Number of protein chains: 2
Amino acid sequence: MTDQSTNTEKIILEAARKVFIEKGKEGARMQEIADEAGINKALLHYYFRNKQRLFEAVFLEAFEKFLPQLKIVIESDKPFLEVIQLFIENYINVIIENPYLPGFILHELSSNPENLALLLQQRVNNMDILVDKINVEIQQGKIKPIDPRQIIINILGLCIFPFVARPIIQKVFFSGDELSYQQFLSDRKTEVYHFIYNSIKA
Amino acid sequence: MTDQSTNTEKIILEAARKVFIEKGKEGARMQEIADEAGINKALLHYYFRNKQRLFEAVFLEAFEKFLPQLKIVIESDKPFLEVIQLFIENYINVIIENPYLPGFILHELSSNPENLALLLQQRVNNMDILVDKINVEIQQGKIKPIDPRQIIINILGLCIFPFVARPIIQKVFFSGDELSYQQFLSDRKTEVYHFIYNSIKA
DNA sequence: GTCTATATTGTGATAGAC
DNA sequence: GTCTATCACAATATAGAC
């Protein structure tokens with residue numbers, strides 16, 4: 001593999017990422033990806049054989065962007081409320097850097113549950129550990145007796161939803177203004193934590 | 001307009017709804033919609049001229065399914081915490097009946113912000129009233145001093161997120177089991193309220 | 001209104017020169 | 001490795017008979 005080939009491959013992946021994430025797998029056009037990369041369609045097939053494989057490369061890469069933060073929470077030994085304070089800030093920061101990734105991932109998982117869900121289960125299979133840890137803290141009287149799954153989903157939902165619903169939120173609450181919407185997202189890093197804290201602290 | 005024509009139109013719309021919501025606008029095929037409706041492609045064009053118009057009919061109808069509940073909250077005179085208790089239950093019930101609608105709407109709004117957002121702004125333009133009402137209750141010391149927009153988005157996010165992320169949640173937390181996932185959703189009607197209550201009650 | 005047949009365009013993919 | 005040219009087929013849309 002020459003330097004040039006790895007370079008071209010990266011350029012293609014970056015272009016594919018942009019187009020797939022913006023338009024979705026079905027909405028994306030190979031031609032548009034080629035244009036975005038400044039090359040022609042034939043090269044896309046030379047490097048990735050077909051649209052499906054190119055999509056899978058983009059999708060997996062996108063999905064894995066969100067796993068490291070989760071791993072930290074699952075593997076940490078610190079008290080839950082302490083861990084998630086950091087998690088929420090980091091997680092929202094990651095999403096601010098990649099605001100369209102959550103919507104992209106969720107949509108593709110919804111319209112393609114068959115082949116994808118199998119693969120991904122392997123990568124998020126230790127959630128039990130976190131559930132157990134929350135249960136222990138409930139036993140210890142540190143956290144209110146709430147189904148840990150509800151807690152986890154609440155945290156993720158509060159972090160992710162503002163980005164998935166971006167167009168409508170930005171229109172309705174910020175008259176389409178970009179800056180005040182960004183400020184709102186930034187504020188959320190502490191807001192979400194306080195929300196969670198007040199609702200689950202025993 | 002004869003009885004037959006209104007009937008056929010309804011059949012087409014129902015088929016289109018199913019296919020568009022499952023596959024998205026780009027992923028949907030006119031042929032599949034025709035098959036689903038038990039007719040042929042030509043009739044689709046006879047009734048709706050082209051794919052774009054058929055899609056718009058489905059999309060608007062879908063979007064408006066979620067407006068009545070919101071209107072009730074906005075126009076009610078009762079205390080906020082009282083109103084949203086009913087809202088959350090009703091809203092989650094509506095989504096349980098139409099579990100793929102939120103993901104469909106959010107995805108189409110994201111990949112088509114231009115033409116759609118304009119139309120929809122008109123239909124959700126009185127959110128200010130709700131913001132003002134929350135602010136009054138904050139002044140009265142009934143609710144913690146939190147940006148009302150954060151509160152509203154939290155409520156919507158907690159209701160909607162479990163459905164948008166359905167495939168992954170069902171796999172990770174319920175091993176793909178349908179019944180326990182449904183139970184989880186049903187429990188959420190009270191869980192989400194308690195969550196909100198604890199986090200914003202002064 | 002509904003159908004079959006066909007036109008027309010879009011789009012993923014390949015062949016072959018350089 | 002990269003390009004141009006082209007194929008093959010999928011998908012939207014229309015024409016015209018009934």
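Note on naming: letters A, B, ... go to the chains in the order of the sequence lines (proteins, then strands), and numbering restarts at 1 for each one. Bear in mind that the values here come from a model prediction, so they are computed numbers and not experimental data. Computed over heavy atoms, backbone and side chain alike; hydrogens, waters and symmetry mates excluded.
- In the helix from dG1(C)-dC18(D) to dC18(C)-dG1(D), the terminal helix axes, each the rotation mapping four pairs' C1' atoms onto the next four within five end pairs, subtend 0°, rounded to 10°.
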Letter per nucleotide, 5' to 3', of nucleotides 11-18 of chain C [B base touched, S only sugar-phosphate touched, - untouched; heavy atoms, 4.0 Å] = SBBBB---
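- Spacing between atom CD of Glu9(B) and atom C1' of dT2(C) amounts to 15 Å, rounded to whole angstrom units.
- In this structure, the separation between NZ on Lys201(B) and NE2 on His194(B) is 13.5 Å, given to the nearest 0.5 Å.
- Considering only side-chain atoms of Tyr46(B), the nucleotide from dG1(C), dC3(C), dT2(D) that sits closest is dG1(C).
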Apply side-chain hydrogen bond (donor to acceptor under 3.5 Å, both in side chains) to Asn93(B) and Glu97(B), showing your working.
-> CA-CA 6 Å; Asn93(B) 275 331; Glu97(B) 296 297 316; over 6 Å; no
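- Whole-Å rounding puts the Phe48(A) CZ to dG1(D) P distance at 12 Å.
- Residue contacts for Leu44(A): at a heavy-atom cut-off of 4.0 Å it reaches no nucleic acid atom on any strand shown.
- For Tyr47(A), there are no ring-ring contact (aromatic ring centres under 6.0 Å, His included) partners two or more places apart in sequence or in a different chain.
- Regarding contacts with the backbone of dT2(D), every side-chain N or O of Asn40(A) stays at 4.0 angstrom or more from both OP1 and OP2.
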Side-chain donor-acceptor distances from residues 148-161 of chain A under 3.5 Å, at least two apart:
unit_1    : atom_1 : unit_2    : atom_2 : d
Arg149(A) : NE     : Asp147(A) : OD1    : 3.2
Arg149(A) : NE     : Asp147(A) : OD2    : 3.3
Arg149(A) : NH2    : Asp147(A) : OD2    : 3.0
Gln150(A) : OE1    : Arg188(B) : NH1    : 2.8
Asn154(A) : OD1    : Arg188(B) : NH1    : 3.0
Asn154(A) : OD1    : Arg188(B) : NH2    : 2.6
Asn154(A) : ND2    : Gln150(A) : O      : 3.2

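- Using modelled atom types and a 3.5 Å distance limit, the side chains of Gln52(B) and Glu56(B) yield a donor-acceptor pair.
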Tell me which donor-acceptor pairs under 3.5 Å the side chains of residues 128-135 of chain B have, and how far apart each pair is, sequence neighbours excluded?
unit_1    : atom_1 : unit_2   : atom_2 : d
Lys133(B) : NZ     : Val73(B) : O      : 3.3
Lys133(B) : NZ     : Ile74(B) : O      : 3.1
Lys133(B) : NZ     : Ser76(B) : O      : 2.4

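- Remark: Lys18(B) engages Glu36(B) in a salt bridge (Lys or Arg N to Asp or Glu O under 4.0 Å) (not counting sequence neighbours).
- Rounded to whole Å, the distance from CG on Leu43(A) to P on dT4(D) is 10 Å.
- Side-chain atoms of Arg29(B) and Lys23(B), non-hydrogen and from C-beta on, never get closer than 4.5 Å to each other.
- For Thr8(A), a side-chain nitrogen or oxygen approaches OP1 or OP2 of dT2(D) to under 4.0 Å.
- What separates CG of Asp35(A) from P of dC3(D) is a distance of 12 Å, to the nearest Å.
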Apply side chain to side chain contact (heavy atoms under 4.5 Å, CB included) to the pair Phe195(A) and Lys144(B), showing each step before the final yes or no.
-> CA-CA 11 Å; Phe195(A) 250 84; Lys144(B) 289 205 185 94; over 6 Å; no
